[in-house]
Amino acid sequence: MSFTLSTTNHGGSSTATVSTTGTRRDPFDLLGLAVLYSGWYLVTGLATAVHWAILFPPISIPLGLAIAAGVLVGWPSAVALAVAFTGLLLLWRRARPAMFARWITDRARTRFLTWWRYRRNWARLMKACHLVVSTETRTVTPKLVGVAIGKGTDRVRVRMLEGQCPADYENRADMIAHAFKAEQCHASIVGPATVELRFRHGDALADTVLLPRVDHWTKPAGGVA
């Protein structure tokens, strides 16, 4: 939208007139943008689906077979295969819980917590902790190199920006911990321009430990243990 100011003289007085001109976007441009964004989201969704299918083959392969059976044979076959594969997964979880956790639950937990705790708001929280470098044209954020999710402690490796030093992170450890909703944060240098942030999200010593029963133990004769 543009504004035009014109002045008209009438004898000894002048009158100012403001006119507005609106510009409308071409419908074909809007349609092209919609198609472009739809294609981008479709490609991104397919890439994410392929990535997760590679990460969890015990789930993606049976699911793919069930979908193929539904397309080629019919939906009753797809439902039967889905029920059968679900039963096999439950049997696997009951028979080999450690293997099931390694292939399914632990891997899913690690991926989800990595995104939820760190990657989801990484740039925003780094800016809140005053660890970004801003110029007239752009804002540079420290690179998140890797994340290792533990039972009570997470290890996050960060590539520092030019001009930063480990003390910049050590002095802001409490601020970083509060930003990422952790109980404690400790920063240490682990490589060239690389700092490791150790986040403590829980106290492992506070977990309940089940001890074995000692009913069968008997006190030896004479009262000496």
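In this text the structure is predicted, and so the values were computed from the model without any measurement.
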Visitor: Check whether any side-chain N or O of Arg172 sits under 3.5 Å from a backbone N or O of Asp168 as a donor-acceptor pair, and report yes or no.
Guide: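 Yes, Arg172 side chain to Asp168 backbone: donor-acceptor pair under 3.5 Å.
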Visitor: Is a side-chain N or O of Thr194 found less than 3.5 angstrom from the main chain of Pro192, in a donor-acceptor match?
Guide: yes
Visitor: Hey, what do you get for SG (Cys129) to CG (Asp174), rounding to the nearest 0.5 Å?
Guide: 10.5 Å
Visitor: Measure the spacing between CE of Met175 and SG of Cys185 and express it to the nearest 0.5 Å.
Guide: 11.5 Å
Visitor: Compare every heavy atom of His201 with every heavy atom of Lys181, then report the nearest pair and how far apart it is.
Guide: O-ND1, 3.7 Å
Visitor: Is the number of heavy atoms from other residues, nucleotides or ligands under 6.0 Å of Arg120 CZ greater than 12?
Guide: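 Yes, the 6.0 Å shell around CZ holds more than 12 heavy atoms from other groups.
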Visitor: Measuring from Met99:CE to Arg93:CZ, what's the distance to the nearest 0.5 Å?
Guide: 15.0 Å
Visitor: How about Asp154 and Tyr118: do any of their side-chain heavy atoms sit closer than 4.5 Å?
Guide: yes
Visitor: How are the rings of Phe100 and Trp92 set to each other: parallel, tilted or perpendicular (split at 30° and 60°)?
Guide: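 Ring orientation, 0 to 90° scale: perpendicular.
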Visitor: Taking all non-hydrogen atoms of both residues, which atom of Ile189 and which atom of Pro166 are closest, and how far apart?
Guide: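 Taking Ile189 first and Pro166 second, the nearest heavy atoms are CD1-CG, 3.9 Å.
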Visitor: Is any side-chain heavy atom of Leu197 closer than 4.5 Å to one of Phe180?
Guide: no
Visitor: Between Thr141 and Lys127, is there a side-chain heavy-atom distance shorter than 4.5 Å?
Guide: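 No. Closest side-chain heavy atoms not under 4.5 Å.
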Visitor: Apply side-chain contact (heavy atoms from CB on, under 4.5 Å) to residues Ile149 and Phe112 and explain how you reach the verdict.
Guide: CA-CA 10 Å; Ile149 302 293; Phe112 174 76; over 6 Å; no
Visitor: What's the separation between atom CZ in Arg155 and atom NE2 in His186, rounded to the nearest 0.5 Å?
Guide: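 So the gap between those two atoms works out to 9.5 Å.
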Visitor: Val132 versus Pro142: any side-chain heavy-atom pair under 4.5 Å?
Guide: yes
Visitor: With the 4.5 Å side-chain cut-off for hydrophobic clustering, are Val156 and Leu113 part of the same group?
Guide: yes
Visitor: Taking atom CZ as the centre, does Arg96 end up with more than 12 heavy-atom neighbours from other residues, nucleotides or ligands that are less than 6.0 angstrom away?
Guide: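 No.
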Visitor: Linking I/L/V/M/F/W/Y whenever their side-chain heavy atoms sit closer than 4.5 Å, directly or via other members, would Trp115 and Leu144 fall into one cluster?
Guide: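 Both belong to a single hydrophobic cluster.
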Visitor: Do Leu88 and Val83 belong to the same hydrophobic cluster, where Ile, Leu, Val, Met, Phe, Trp and Tyr are linked whenever their side-chain heavy atoms lie under 4.5 Å apart, directly or via other members?
Guide: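 No, Leu88 and Val83 fall in different hydrophobic clusters.
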Visitor: Indicate, with yes or no, if Met126 and Leu161 share a hydrophobic cluster defined by side-chain heavy-atom contacts under 4.5 Å among Ile, Leu, Val, Met, Phe, Trp and Tyr.
Guide: no
Visitor: How many angstroms lie between CG in Leu72 and CD1 in Ile67, if you round to the nearest 0.5 Å?
Guide: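 If we round to the nearest 0.5 Å, Leu72:CG and Ile67:CD1 are 11.5 Å apart.
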Visitor: Does Val190 sit in a hydrophobic cluster with other residues, and if so which ones, taking ILVMFWY side chains as linked at heavy-atom separations under 4.5 Å, directly or through other members?
Guide: none
Visitor: Answer whether the closest heavy-atom distance between the side chains of Val140 and Glu162 falls below 4.5 Å.
Guide: no
Visitor: Please tell me whether Ile176 and Trp116 are part of a single hydrophobic cluster in this structure, the criterion being side-chain heavy atoms less than 4.5 Å apart.
Guide: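 Yes; tracing contacts between hydrophobic side chains, which count when under 4.5 Å, links both residues.
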Visitor: How long is the gap from CZ on Arg200 to CD on Gln184, to the nearest 0.5 Å?
Guide: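 CD of Gln184 is found 5.0 Å from CZ of Arg200.
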